Q: 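To start, I am sharing the structure in question, which I have written as C-alpha cells.
Chain identifiers are assigned alphabetically (A, B, ...) following the order of the sequence lines, protein sequences preceding nucleic acid strands; residue numbering begins at 1 within each chain. Just so it is clear, the structure is predicted and the values come from calculations on it, not from any experiment.
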Amino acid sequence: MSTDQIIVQIEHVSKYFGSFKALSDVSLDVYDGEKLVIIGPSGSGKSTLLRAINLLECVDEGRIIVDGTNIVDPTADINKIREEVGMVFQSFNLFPHKTVMENVNLAQMIVRKRSKEEATKISTELLKKVDILEKENDYPGKLSGGQQQRVAIARALAMKPKIMLFDEPTSALDPEMIGEVLTVMKKLAREGITMIVVTHEMGFAREVADRIIFMDSGMIVEQGTPRDFFEHTKNERAKAFLDKIL
Amino acid sequence: MPKPWKKKQSHIEVSEGGAIPTRNDWGLFSAWRIAFFGAILMVVCLVFFKPDPYLDILKFLPDGILVTFKVTLMSIALSLVFGLIAGLGRISENRLFNGISSLYVEIIRGIPLLVQLFYIYYALGQVVNLSAITCAVVSMSICYGAYIAEIFRAGIKSIPEGQTEAARSLGMTPFQTMRYVILPQAVKTILPPVGNEFVALLKDSSLVSILAVSDLLRRGREFAAQSFDYFEAFTMVALFYLIITLILSKLVGIMEDKINVD
Ligand SMILES: Nc1ncnc2c1ncn2[C@@H]1O[C@H](COP(=O)(O)OP(=O)(O)OP(=O)(O)O)[C@@H](O)[C@H]1O
Ligand SMILES: [Mg+2]
C-alpha cells in the first residue's frame, strides 16, 4: 500500500520540559499511506512525538515537515496544517454540549465552511462507517467509552485528513470495548490513509503495522517490520519491554 | 432530554447577593413569593390607608427608580465587557495582556467601591469633565468587571484542557475554540455567580447617590429633607429596593433555567 513518497519528515527534533529532555534528537520519515505503530515504556516520549506532529507541543530543536510544510516555522499556518492531520485522544474529548451529529459537523462547518446539509451528509456516511449512526442525536455522556471513541474517530475523519494520529485510543476503555475500536481502526487502515498509532495492543501492531518504532527515554532505539521487531530484535531495552508486555 | 454531563458541572463559590430561586427549590421559591407579594401589598396598604405622606412619596420616587435602573443596566452591560476582556486576559499566554488584566483585578478588588466612586468623581473630575451619572456607571463597571473577570476565568478554567486540544486539532482557531467549544460549556458554571453579581450590583448602585445622582435612595433623601418624613420615606425606599431586587433575582433564575434546559 505504501508508496515512496514521504508525508511526515521529522529531522533531529528535541523537546524539553524545563530541564527534562522529553525528545532527544529524533529523526523519522513516515511514508504516504504507511501504518506506523509507536510503542515504548511510559514516559518515553511517544505522546510528545505524536503531539509535535500537529503542534499541540512545539519542539525546541529540529524540523518537522508535514506534507511539504515545515510546521516548526513560526510563519506556517498552523490551522491549515491541523486540518490535514486528524487526532484521536486517549480520553476521546468529545464536546459534551453537542450531540454526536453536532460533534462531527462542527469543525466541518466552521473550519471547512461546509453547509449544514453537506456536513450532515458526510457525517452520516462516517457515523455509518464507525457503526454508531443510531446514536446520532444522543449526547456523548450517554455513550459508552467505545462508542465515544468511535465518534471521535468519525469527527477527525470528517475533516478529510491525510494523516491520522492515535494516542493510545483504547487505553481508557474497558476490555470488552477495545475490540470494537480496533475493528474500526483496522477498517480504516485498509483504506490507505497514513496512520501513526501509539498503542499497547501488540496484536493490532502485528496485524496492521508496516513498521514498528520502539521509543525509550525520548529516543527511537529500534525500528522494523512487525516480524523483525517481535521475533528478531537484538536491542536489550526492546527485549525487556516485550518480555514484560507479551 | 436527559443530559448526564450536566451533573458534572462544578459550582463556583457564591460571594454576595440574594439567593436566586430555582424551580425545584420550593422553600426559597415560597420565601421569594412571600417577600415579593408582601412588599407589594405593604406598599399598596400604606398608600391606601395613609395617603399622606405615602401617596406623595409614591409619586416622588419613580424618577429615582428609573435612574437606578439606568445605572444598573448600563453598569451590567459594561462590566460584562470589562469582565470578559480581563477574564480572557487572566488566562492569556500573552504576558502583557495577562499582566495588565491581573493588575487590574488585584487593584480594583483591593479598593472599596465607595472610595473608587469618590476617586473617579472628584480626582478624575479635576482632569476630565464627566457627568455624575457617567462617573457612576464607569466606576461601578470597572469595579464589578474585576469580580466578573474572576468568575469568567474560573469558569473557563473549569473546562478540561482536552476540549481545547480536540478543537485545535480539528483546525479551529483559538477564537473559534473559545466561541463554539469553551464558552458554551463554561456559561453554565459562570451564569449563577454572575447573576449574583448583578443583584449585588443593583443594591450597590445606591452608593452612587453620594455623587449627586438622583437615584432611588437620593430621591428618598430629597423627599425626607423637604418634609421631615424620614421614617416614611426610607420605608418606601427600602420596600422599592426589595421589590426590584427580587424581580432581578427572579429574572436571573429564569435565565439559568432556560440555559440549563436548552
Ligand atoms: N506538559 C508537560 N510538562 C512537563 N513534563 C511533561 C509534560 N508532558 C510530558 N512530560 C514528561 O515528558 C515525558 C514524556 O511524556 P510522554 O507523555 O510523551 O510519554 P509517553 O511515552 O506518551 O508515556 P505514556 O505511555 O505514559 O503515555 C514524561 O516523563 C512526562 O512526565
Ligand atoms: Mg502518552
Q: Apply side chain to side chain contact (heavy atoms under 4.5 Å, CB included) to the pair B:V181 and A:L106, showing each step before the final yes or no.
A: CA-CA 10 Å; B:V181 177; A:L106 182 65; 4.0 Å; yes

Q: In terms of heavy-atom proximity below 4.5 Å to chain B, should A:I81 be classed as side chain, backbone, both, or neither?
A: neither

Q: More than 12 heavy atoms of other residues, nucleotides or ligands under 6.0 Å from OH of B:Y119: yes or no?
A: no

Q: Above 12 or not: heavy atoms from other molecules or residues under 6.0 Å from NZ of A:K121?
A: no

Q: Rounded at 0.5 Å granularity, tell me how far CD1 in B:I159 sits from CZ in A:F95.
A: 12.0 Å

Q: Where on A:R51 is there a heavy atom nearer than 4.5 Å to chain B: the side chain, the backbone, both, or neither?
A: side chain

Q: Could you give me the CA-CA distance, side-chain angles and deciding distance for A:N79 and B:R168, then say whether side chain to side chain contact (heavy atoms under 4.5 Å, CB included) is met?
A: CA-CA 8 Å; A:N79 302 315; B:R168 300 303 306 278; 3.7 Å; yes

Q: Give, for atom CD of B:Q185 and atom NZ of A:K98, the distance between the pair rounded to the nearest 0.5 Å.
A: 9.5 Å

Q: Can you tell me if A:N54 uses its side chain to pair, donor with acceptor, with the backbone of B:S169 under 3.5 Å?
A: no

Q: Find the distance between CG (B:L170) and CD (A:Q108) and round it off to the nearest 0.5 Å.
A: 10.0 Å

Q: Of the backbone (N, CA, C, O) and the side chain (C-beta and beyond), which part of A:I110 lies under 4.5 Å from a heavy atom of chain B, both, or neither?
A: both

Q: Check whether more than 12 heavy atoms from other residues, nucleotides or ligands sit under 6.0 Å from atom NZ of A:K186, and answer yes or no.
A: yes

Q: A:F89 versus chain B, heavy atoms under 4.5 Å apart: side chain, backbone, both or neither?
A: side chain

Q: Tell me, yes or no, whether the heavy-atom count around A:K21 atom NZ, taken from other residues, nucleotides or ligands under 6.0 Å, exceeds 12.
A: yes

Q: Around atom CD of B:E93, are there more than 12 heavy atoms of other residues, nucleotides or ligands at under 6.0 Å?
A: no

Q: Where the side chain of A:H97 meets the backbone of B:Y180, is there a donor-acceptor pair that is under 3.5 Å apart?
A: yes

